There are 2 protein chains.
Amino acid sequence: MGRNKELNQKIKDERKEQILTHALRLFATKGLAATKISDIASASSMSQGLIYHYYRSKEDIFVELISGAFEKINAASLELERLPLSPPEKIRLALETLLQGLTDNEDTGLYYLLIAVATASEAIPDEAKKVISEKNTAPYEVVTRIIREGQRDGSLKNFDAEALALVFWTSIKGLAIHKATHREKFKAPDPEILLSMFM
Amino acid sequence: MGRNKELNQKIKDERKEQILTHALRLFATKGLAATKISDIASASSMSQGLIYHYYRSKEDIFVELISGAFEKINAASLELERLPLSPPEKIRLALETLLQGLTDNEDTGLYYLLIAVATASEAIPDEAKKVISEKNTAPYEVVTRIIREGQRDGSLKNFDAEALALVFWTSIKGLAIHKATHREKFKAPDPEILLSMFM
DNA sequence: GTCTATATCCAGATAGAC
DNA sequence: GTCTATCTGGATATAGAC
């Protein structure tokens with residue numbers, strides 16, 4: 001009996017994962033309001049009603065995705081900060097990884113797109129707004145700290161650190177958005193271009 | 001009678017302009033699907049039904065705005081190109097003007113935001129997609145040409161010109177999107193930061 | 001030209017059979 | 001757990017009075 005419960009739970013989790021994967025793509029490319037539950041259902045090869053067996057509402061799915069996106073990005077940011085690398089090396093690694101993620105068509109790109117689209121829109125659930133306002137600052141702060149450190153030892157340019165961090169992230173988001181429409185045609189720019197703002 | 005007709009036409013045009021102004025702000029901040037006709041109506045201080053006296057549908061308004069946005073931006077791009085300035089001066093002027101427009105809360109910023117949001121979303125009318133695919137490339141091409149010219153005379157850095165133009169515009173759009181959520185708190189970065197990618 | 005009232009449609013969410 | 005059928009609400013768009 002305990003075994004069955006465990007197995008059922010696992011199946012349930014997989015189902016939820018499946019829904020999330022397809023919802024991510026749809027929300028990121030069409031937005032929350034324009035994505036219908038039936039879109040998510042048919043993308044996930046299940047009936048429209050079945051979605052409600054796993055999630056209470058469309059907004060629930062959206063909020064879970066937003067939370068997950070920030071968790072991943074924030075975890076990656078903190079991980080980057082703790083690597084045994086010099087500030088310029090950290091910035092270079094971050095840019096290379098992010099740009100590579102965009103060209104490789106990884107979910108990463110979709111997460112950035114989702115966040116970009118979500119932060120840009122006022123038409124999102126209050127809970128999503130709360131998540132954004134709570135978790136959106138961490139990546140900016142991490143990059144700001146790395147830049148400050150590099151400026152202290154003279155290895156990074158002396159622009160205002162917060163402004164540089166802002167440009168860092170908004171450039172990535174801008175590229176993610178551009179990629180959304182140009183899918184196969186999209187070619188990420190040479191990381192050296194963006195790097196030249198920092199070093 | 002001719003006079004009356006003229007006057008009526010003028011009033012009608014003003015009404016339409018009024019609707020467009022408010023629709024621009026709403027579409028740019030909430031997106032097409034999440035913006036209700038009643039939102040536009042109440043923002044424009046008129047009844048919901050009256051909108052249909054001026055426009056056939058919500059999508060019509062959207063398409064007209066998108067077209068107008070591209071016309072303005074494309075005209076500004078071509079104008080920039082024809083100014084009697086050196087390539088680095090043109091790039092500098094463009095960045096300064098664009099960033100200034102963002103901080104000054106001008107409609108310009110909303111136009112960029114609208115375009116960024118619209119190009120990012122698949123959930124827009126087919127006619128809007130057509131307009132985008134036809135008119136979106138001009139600003140990229142103008143910037144590419146300016147960069148090439150600057151590279152020939154050695155006044156601009158030798159990165160791939162198209163990649164540079166891509167970063168130019170996606171950075172601006174990324175900042176426009178960021179500004180959308182941070183309204184009053186938003187402070188545009190020093191143009192020199194972005195400029196350091198070019199010269 | 002402008003409003004109010006309403007027809008129509010469509011999407012979110014629920015109920016209940018299997 | 002999954003489906004089909006249905007309820008319900010809300011938004012687009014229209015009709016008709018003033």
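So that the names make sense, note that chain A is the first sequence line, chain B the second, and so on, each numbered from 1. Everything numeric in this text was worked out from a predicted model, so none of it was measured.
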Asker: So, are B/Glu192 and A/Lys157 salt-bridged, with charged N and O less than 4.0 Å apart?
Answerer: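 Salt bridge between B/Glu192 and A/Lys157, a charged N being under 4.0 Å from a carboxylate O: no.
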Asker: Just to verify, what does A/Asp190 make a side-chain hydrogen bond (donor to acceptor under 3.5 Å, both in side chains) with, not counting sequence neighbours?
Answerer: none
Asker: Under a 3.5 Å distance rule, please check whether B/Ser44 uses its side chain to pair with a backbone N or O of B/Met46 as donor and acceptor.
Answerer: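 The answer is no, because no donor-acceptor pair under 3.5 Å joins these two groups.
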Asker: By the salt bridge (charged side-chain N to carboxylate O under 4.0 Å, His left out) test, which pairs, at least two apart or in different chains, include something from residues 58-69 of chain A?
Answerer: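 Checked against salt bridge (charged side-chain N to carboxylate O under 4.0 Å, His left out) - neighbours excluded - no pair reaches residues 58-69 of chain A.
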Asker: Contacts to DNA chain C from residues 13-24 of chain A, heavy-atom cutoff under 4.0 Å, which residues?
Answerer: none
Asker: Return the 5'-most residue of the pair B/Gln48, B/Lys12 with respect to DNA chain C, ranking by each residue's nearest nucleotide.
Answerer: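 Nearer the 5' end of the strand: B/Lys12.
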Asker: Can you pull the contact range of chain B along DNA chain C, 5' to 3', using atoms under 4.0 angstrom from its heavy atoms?
Answerer: C/dG1 to C/dT4
Asker: Is there a donor-acceptor contact under 3.5 Å linking the side chains of B/Arg148 and B/Gln151?
Answerer: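 No pair is found: no donor N or O on one side chain lies under 3.5 Å from an acceptor on the other.
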Asker: Measure centre to centre between the rings of A/Phe27 and A/His22, then say whether the value is under 6.0 Å.
Answerer: no
Asker: Take A/Arg25 and A/Asp107 through the test salt bridge (Lys or Arg N to Asp or Glu O under 4.0 Å) and record every step on the way to the result.
Answerer: CA-CA 8 Å; A/Arg25 171 153 271 113; A/Asp107 275 6; 5.0 Å; no
Asker: Is a side-chain N or O of B/Glu89 found less than 3.5 angstrom from the main chain of B/Ser86, in a donor-acceptor match?
Answerer: yes
Asker: For a quick check of understanding: with a heavy-atom distance under 4.0 Å over all strands, which category does A/Tyr55 fall into, base, sugar-phosphate or nothing?
Answerer: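 No contact.
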Asker: Check whether the side chains of A/Glu141 and A/Thr144 place a donor and an acceptor atom closer than 3.5 Å, and report yes or no.
Answerer: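 Side chains of A/Glu141 and A/Thr144: no pair found under 3.5 Å.
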Asker: Hey, what do you get for CG (B/Leu156) to CD1 (B/Ile146), rounding to the nearest 0.5 Å?
Answerer: 9.5 Å
Asker: Could you identify which residues of residues 30-42 of chain B place a heavy atom less than 4.0 Å from some atom of DNA chain C, listed by residue number, or say none?
Answerer: none
Asker: Could you give the angle between the helix axes at the two ends of the helix from C/dG1-D/dC18 to C/dC18-D/dG1, with five pairs per end, rounded to 10 degrees?
Answerer: 10°
Asker: Any sub-3.5 Å donor-acceptor pair from A/Lys90's side-chain atoms to A/Pro84's backbone N or O?
Answerer: no
Asker: Any salt bridge between B/Glu81 and B/Arg145, counting N to O under 4.0 Å?
Answerer: yes
Asker: Would B/Ile11 and B/Tyr52 show up in the same hydrophobic cluster when neighbours are defined by side-chain heavy atoms closer than 4.5 Å?
Answerer: no
Asker: CD1 of B/Ile51 versus P of D/dA15: gap in Å, rounded?
Answerer: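 B/Ile51 atom CD1 is separated from D/dA15 atom P by 18 Å.
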